[in-house]
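Written out below as structure tokens is the structure these notes cover.
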Amino acid sequence: MTRYAIIMSVENYVHFSPTKFTHADSNLIFNTLTEKCDYAEQHTIVFQLSPETTKSPNEILSDIKKTVGNSTSGDSVLFYFAGHGHYQDGKSYLILPTTVPGAYETTAIALEDLSKELRVPERACFRIFDACHSGIDVRDNEKKLDSESFIRSISHDASGWVTLAGCKEDQVSISDVKIGQGLFTYYLCEEISSFEPDQPIYPEILKVNISDKVLEHAKGLGYTQTP
């Protein structure tokens, strides 16, 4: 069995507030997967997107399609995203650095389009979203409602996936300048690294083991976050 990973992070945007430490989070998840979980670097692609180096949605989807297309029956495919998510008119989107508000269909990645490339029969499919990230002001009710819809759409699109999300639908993902990471990714990688090399890692165990740590850390920052 070969393990494939697609890792994507967005930190700065032209039209949206920044999401702090998302590139640090994607570095951490990459190092954890390649050093602890038998993911080979040649089977892992990393998109650390910025306004200066961004790719179009179609270019990103094409690169993902090529990577997943190399997999065969029995392989696993893991997708990780850290950044802003958006929900509008019944569709969920991953916000890119140059995404234009109101033009999501052409300037953001629709979750349904991403799913078409990732959800391949006879593969173990994993999705990890540290989305609706710390760049969103939790005091902004409109954005909070938007994040609720985005997280809800992820959890409801469950068939054929194992999905881990950084927060519940009425919360946002928090980062901490003291550790230079998002809380969810930090404790997720810490927990993965605690397992022995030959020890299986089950998603439900990850969720249980990191939830209290994330919740407690977030409370110390004045927020509530439960993966």
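For this chain, numbers begin at 1 and follow the sequence in order.
Looking at Asp63 and Phe47, their side chains come closer than 4.5 Å, going by heavy atoms from C-beta outward. In this structure, the side chains of Ile60 and Met8 come closer than 4.5 Å at one or more pairs of heavy atoms. At least one side-chain heavy atom of Ile95 sits less than 4.5 Å from a side-chain heavy atom of Tyr104. Side-chain contact between Val214 and Thr226 is absent, with no heavy atoms from C-beta onward closer than 4.5 Å. A 4.5 Å side-chain heavy-atom check between Thr107 and Leu96 finds every atom pair outside the cut-off. You'll find the side chain of Leu183 reaches within 4.5 Å of the side chain of Asp176, heavy atoms only. Inter-residue side-chain proximity for Thr99 and Phe16 is flagged as met; some heavy-atom pair is nearer than 4.5 Å. Side-chain atoms of Phe79 and Leu114, non-hydrogen and from C-beta on, do get closer than 4.5 Å to each other.
Cluster annotation: Ile201 and Phe184 are assigned to the same hydrophobic cluster (Ile/Leu/Val/Met/Phe/Trp/Tyr, side-chain heavy-atom contacts under 4.5 Å, transitive). Hydrophobic clustering, with ILVMFWY side chains joined whenever heavy atoms are under 4.5 angstrom apart, keeps Leu215 apart from Val172. Residues Tyr93 and Val14 do not share a hydrophobic cluster, clusters being chains of Ile/Leu/Val/Met/Phe/Trp/Tyr side chains in contact below 4.5 Å. Taking hydrophobic clusters as Ile, Leu, Val, Met, Phe, Trp and Tyr residues chained together by side-chain heavy-atom distances below 4.5 Å, Leu28 does not share a cluster with Ile192. When hydrophobic clusters are built by joining Ile, Leu, Val, Met, Phe, Trp and Tyr residues whose side-chain heavy atoms come closer than 4.5 Å, directly or via intermediates, Ile205 is grouped together with Leu78.
In this structure, Arg3 pairs ionically with Asp38, as a charged nitrogen and a carboxylate oxygen lie closer than 4.0 Å. Salt bridge status for Glu11 with Lys20: absent, with no side-chain N to carboxylate O gap under 4.0 Å.
Side-chain atoms of Ser76 never come within 3.5 Å of backbone atoms of Cys125 as a donor-acceptor pair (strictly under, hydrogens ignored). Judged by distance alone, the side chain of Gln225 and the main-chain N or O of Ile174 form a donor-acceptor pair under 3.5 Å. Remark: side-chain polar atoms of Glu191 are not paired, donor with acceptor, to backbone N or O of Asn209 under 3.5 angstrom. Side chain of Ser115 to backbone of Leu111: a donor-acceptor contact under 3.5 angstrom is found. The closest donor-acceptor contact from the side chain of His84 to the backbone of Ser17 lies under 3.5 Å. When atom types are taken as modelled, the side chain of Asp130 and the backbone of Gly166 share no donor-acceptor pair closer than 3.5 angstrom.
When every heavy atom of Tyr87 is checked against every heavy atom of Ser92, the shortest pair comes out as CD1-OG, 3.2 Å. In this structure, Val68 and Ser71 approach most closely via the heavy-atom pair O-OG, 2.6 Å. Nearest heavy-atom pair, Pro121 versus Arg123, reported as atom, atom and distance to 0.1 Å: O-NH1, 2.8 Å. Closest approach of Tyr13 to Gly83, counting heavy atoms only: OH-CA, 3.6 Å. Counting all heavy atoms, side chain and backbone alike, Gly180 lies closest to Ala24 at O-CB, 3.5 Å.
Around the CD atom of Gln42, the shell of radius 6.0 Å holds more than 12 heavy atoms that belong to other residues, nucleotides or ligands. The number of heavy atoms from other shown groups lying within 6.0 Å of NZ (Lys207) does not exceed 12.
Side-chain polar atoms of Thr163 and Arg127 form a donor-acceptor pair below 3.5 angstrom. No hydrogens or angles considered: a donor-acceptor pair under 3.5 Å links the side chains of Tyr80 and Thr185. Using modelled atom types, one finds a donor on one side chain and an acceptor on the other under 3.5 Å when comparing His217 with Tyr187. Checked by atom type, the side-chain pair Ser50/Asn12 shows no donor-acceptor distance below 3.5 Å. Asp25 and Thr22 share no side-chain donor-acceptor pair at under 3.5 Å. With 3.5 Å as the limit, one finds no donor-acceptor pair spanning the side chains of Asn70 and His43.
A distance of 12.5 Å separates NZ of Lys91 from NE2 of His86, quoted to the nearest 0.5 Å. Thr44 contributes atom OG1, which lies 7.0 Å from atom CG of Leu33 (distance to the nearest 0.5 angstrom). Between the OG atom in Ser175 and the OH atom in Tyr186 there is a gap of 13.5 Å [rounded to 0.5 Å]. Between Tyr4 atom OH and Asp75 atom CG the span is 5.5 Å, to the nearest 0.5 Å. To the nearest 0.5 Å, the span separating CG on Leu118 from NZ on Lys65 amounts to 12.5 Å.
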Passes side-chain contact (heavy atoms from CB on, under 4.5 Å), Val77 versus Thr67? Steps please.
CA-CA 9 Å; Val77 177; Thr67 299; over 6 Å; no

Given the rule in the side-chain contact (heavy atoms from CB on, under 4.5 Å) test, do Ile128 and Leu188 qualify, once you have shown the distances and angles that lead to the verdict?
CA-CA 10 Å; Ile128 303 174; Leu188 173 67; 4.0 Å; yes

Which is it for Ile109 and Leu61 under the side-chain contact (heavy atoms from CB on, under 4.5 Å) test, yes or no, and what are the steps along the way?
CA-CA 8 Å; Ile109 295 180; Leu61 289 171; 4.1 Å; yes

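Applying the side-chain contact (heavy atoms from CB on, under 4.5 Å) test to Ser62 and every residue at least two apart in sequence or in another chain returns Lys66.
Applying the side chain to side chain donor-acceptor pair (under 3.5 Å) definition to pairs two or more places apart or across chains, those involving residues 26-35 are Ser9-Ser26, Ser26-Gln48, Asn27-Gln48.
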